[in-house]
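Step one of this worksheet: look at the structure below.
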Amino acid sequence: MKKLTSVLKYAFLIISSFISIFPFYWMIAGATNTTNQIAEGKLSFGNQLWVNLQGLLGTYNIPLIMWNSLKISGITVVFSLLVTSLAAFGFEKFKTKTSEWIYTVILLFMMIPLAALVIPLFKIMAGLQLVNQHLAIILPAVNNLFLIFFFRQSFKSFPNEIIDASKIEGAGNYAIFFRIVFPMMKSTYAAAAIYAFMNSWNSYLLPLIFLQTENKYTMTLLISSLSSASYVANYGMQMIAIVIATIPTLILFLFMQKGFVKGMTGSLKM
């Protein structure tokens, strides 16, 4: 019975791993094949990688579009971590009846889909003359309600005794936060940074609404435009564009995966 259970367990893991890895393999293999070969279902590697890459670079300004995506995501990560962690720290360590009521309202707002906020956001950004500006994408993403919830849950495990001892030593609230809390919760910030980066990097709806010229495009808009640029789709160029768009998130996760795992499990560096 134990052997059968072990066999079934490993069979399930192998099948799950294959299902997870196959799309990445197909994406990379497709980037080396022609449109016809991809449409025919060819799964092996071809010799069209350079041709597809040249076609993509010749049609679009890929360095500029990559820079746009990196700039938007980088700024969003920095300011969203700062704003949401400060807000969460205040909600958790300086509780009042009013703050708890506000926090409950924030949790309720998490259930509102982004699509329902598009028209109000567009009117606000148009009034601020930010349409077709990257700031129109960054500002709504900075106030990430999930990150407020995530940070507050993490701050629950932070000892109040450390904060009280720091206050006795004469440290102010901001000094406690930046000099004590932040260094001790780097794993939590690593997990939040990966989430915020991927959320911003993969954002499609807001760039589609606010960015109107090609020199402002992000990678998600590029991939979308490739699928509708002509009557005959160029799957090879689409695949190579997807590969390029995947590289930054892959690199980020590989370098920060330990911190991500520790942060998701509520690790606290003492």
**Asked** Is the backbone N or O of Thr34 less than 3.5 Å from a side-chain atom of Gln37, with the two atoms forming a donor-acceptor pair by type?
**Response** yes
**Message:** Show the nearest heavy-atom pair for residues Pro120 and Leu117, with the distance to one decimal.
**Reply:** CD-O, 3.3 Å
**Request:** State, with a plain yes or no, whether a side-chain heavy atom of Phe158 is found less than 4.5 Å away from one of Lys93.
**Result:** yes
**Message:** Quick check against the 3.5 Å criterion: does Thr35 have a side-chain atom that pairs as donor or acceptor with the backbone of Tyr235?
**Reply:** yes
**Prompt:** Do you know the tightest heavy-atom contact between Leu147 and Ser80?
**Reply:** CD1-OG, 4.2 Å
**Message:** Is there a side-chain contact between Phe151 and Phe91 in this structure, where contact means two heavy atoms from C-beta onward sitting under 4.5 Å apart?
**Reply:** no
**Prompt:** What are the two closest heavy atoms between Pro140 and Leu121, and how far apart are they?
**Reply:** CG-CD2, 4.2 Å
**Request:** For the pair Ser225 (side chain) and Leu222 (backbone), establish whether a donor and an acceptor sit closer than 3.5 Å, ignoring hydrogens and angles.
**Result:** yes
**Prompt:** Where the side chain of Lys42 meets the backbone of Asn36, is there a donor-acceptor pair that is under 3.5 Å apart?
**Reply:** no
**Message:** Using a 3.5 Å distance criterion without hydrogens, assess whether the side chain of Asn33 forms a donor-acceptor pair with backbone atoms of Ile38.
**Reply:** no
**Prompt:** So, do Gln238 and Ile223 sit near enough that their side-chain heavy atoms are less than 4.5 Å apart?
**Reply:** no
**Ser203 side-chain N/O to Asn199 backbone N/O, donor-acceptor pair under 3.5 Å** = no
Show every donor-acceptor pair shorter than 3.5 Å between a side-chain atom in residues 166-183 and any protein atom, with sequence neighbours excluded, or say none if there are none.
unit_1: Ser166; atom_1: OG; unit_2: Ile162; atom_2: O; d: 2.8

**Message:** Around atom CD1 of Ile119, are there more than 12 heavy atoms from other residues, nucleotides or ligands closer than 6.0 Å?
**Reply:** no
**Item:** Student check: side-chain heavy atoms of Phe18 and Tyr25 closer than 4.5 Å
**Value:** no
**Prompt:** Do Ile137 and Thr76 come within less than 4.5 Å of each other through their side chains, counting heavy atoms only?
**Reply:** no
**Request:** Evaluate whether atom CZ of Phe146 has more than 12 neighbouring non-hydrogen atoms of other residues, nucleotides or ligands under 6.0 angstrom away.
**Result:** yes
**Message:** Classify the ring geometry of Trp201 against Phe197: parallel below 30°, tilted from 30° to 60°, perpendicular beyond 60°.
**Reply:** parallel
**Request:** Taking atom CE of Met66 as the centre, report whether more than 12 heavy atoms of other residues, nucleotides or ligands fall under 6.0 Å from it.
**Result:** yes
**Message:** Is it the case that the side chain of Ser200 and the backbone of Ala196 share a donor-acceptor pair, with hydrogens and angles ignored and the cut-off at 3.5 Å?
**Reply:** no
**Asked** Is any side-chain N of the basic residue among Lys95 and Glu100 closer than 4.0 Å to the acidic one's carboxylate O?
**Response** no
**Request:** Please tell me if the side chains of Val142 and Leu82 come closer than 4.5 Å, counting only heavy atoms from C-beta onward.
**Result:** no
**Asked** Do Asn52 and Met239 have side-chain heavy atoms sitting under 4.5 Å apart?
**Response** no
**Message:** Is it true that, when you exclude Phe109 itself, more than 12 heavy atoms of the residues, nucleotides or ligands shown sit nearer than 6.0 Å to its CZ?
**Reply:** no
**Request:** I would like to know whether Trp67 and Ile62 meet side-chain contact (heavy atoms from CB on, under 4.5 Å); could you show each step before the answer?
**Result:** CA-CA 8 Å; Trp67 167 247; Ile62 299 301; over 6 Å; no
Expected list for residues 206-218: side-chain donor-acceptor pairs under 3.5 angstrom, two or more places apart:
unit_1: Thr213; atom_1: OG1; unit_2: Asn132; atom_2: OD1; d: 3.4
unit_1: Thr213; atom_1: OG1; unit_2: Asn132; atom_2: ND2; d: 3.2
unit_1: Thr213; atom_1: OG1; unit_2: Asn215; atom_2: OD1; d: 2.6
unit_1: Thr218; atom_1: OG1; unit_2: Thr220; atom_2: OG1; d: 3.0

**Prompt:** Do Leu145 and Phe149 have side-chain heavy atoms sitting under 4.5 Å apart?
**Reply:** no
